[in-house]
Amino acid sequence: NMTQSGSINKNGKSVSRKRSRTAKQAKAYLRRNGLTVPAFSQIHGFNPKTVYRLLNGEIQGNYGDSYQMAVALGMKTQDQDVTVLLPGTN
């Protein structure tokens with residue numbers, strides 16, 4: 001499970017927010033769940049080489065397929081609000 005991080009919203013109320021996993025934590029998550037990178041990739045329709053690159057820190061997972069991989073691994077949180085600002089996404 002991802003750890004919870006507390007923060008305060010604009011009304012002064014405490015809200016919990018999930019922290020993203022590090023690459024090391026994502027690898028451990030796959031191991032704990034008995035998943036190999038090829039199996040994880042096949043389940044999600046990802047290219048295994050790109051997943052390995054993400055887990056090894058060669059790419060950051062900021063855009064496109066690598067971003068979707070990072071979200072699936074819990075390394076990034078999917079921010080639905082950003083798509084409103086991007087042309088061609090709504």
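The chain is numbered in sequence order, starting from 1.
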**OP:** Determine, stepwise, if the pair N47 / S41 fulfils side-chain contact (heavy atoms from CB on, under 4.5 Å).
**Re:** CA-CA 6 Å; N47 180 325; S41 300; over 6 Å; no

Original post:
For T50 and I59, what are the C-alpha separation, side-chain angles and deciding distance, and is it a side-chain contact (heavy atoms from CB on, under 4.5 Å)?
Top reply: CA-CA 8 Å; T50 309; I59 56 175; 3.7 Å; yes

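Minimum heavy-atom separation, A26 to L55: CB-CD2, 3.8 Å. Counting all heavy atoms, side chain and backbone alike, R21 lies closest to L73 at NH1-O, 2.9 Å.
How far OH of Y52 is from CZ of F46: 15.0 Å, rounded to the nearest 0.5 Å. The distance from atom CZ of R31 to atom OG1 of T36, rounded to the nearest 0.5 Å, is 12.5 Å. The line from CE of M75 to NZ of K27 is 9.0 Å long, rounded to the nearest 0.5 Å. Distance CE/M69 to CZ/F40: 8.5 Å, rounded to 0.5 Å.
Under the salt bridge (charged side-chain N to carboxylate O under 4.0 Å, His left out) criterion, the residue pairs touching residues 36-55 are R53-E58, with sequence neighbours excluded. A side chain to side chain donor-acceptor pair (under 3.5 Å) check over residues 60-74, counting only residues at least two apart or in different chains, returns the pairs N62-K76.
Put simply, the side chain of L30 reaches to within 4.5 Å of the side chain of V37, judged on heavy atoms.
Y29 and V51 fall within the same hydrophobic cluster, defined by Ile, Leu, Val, Met, Phe, Trp and Tyr side-chain heavy atoms under 4.5 Å apart, directly or through other members.
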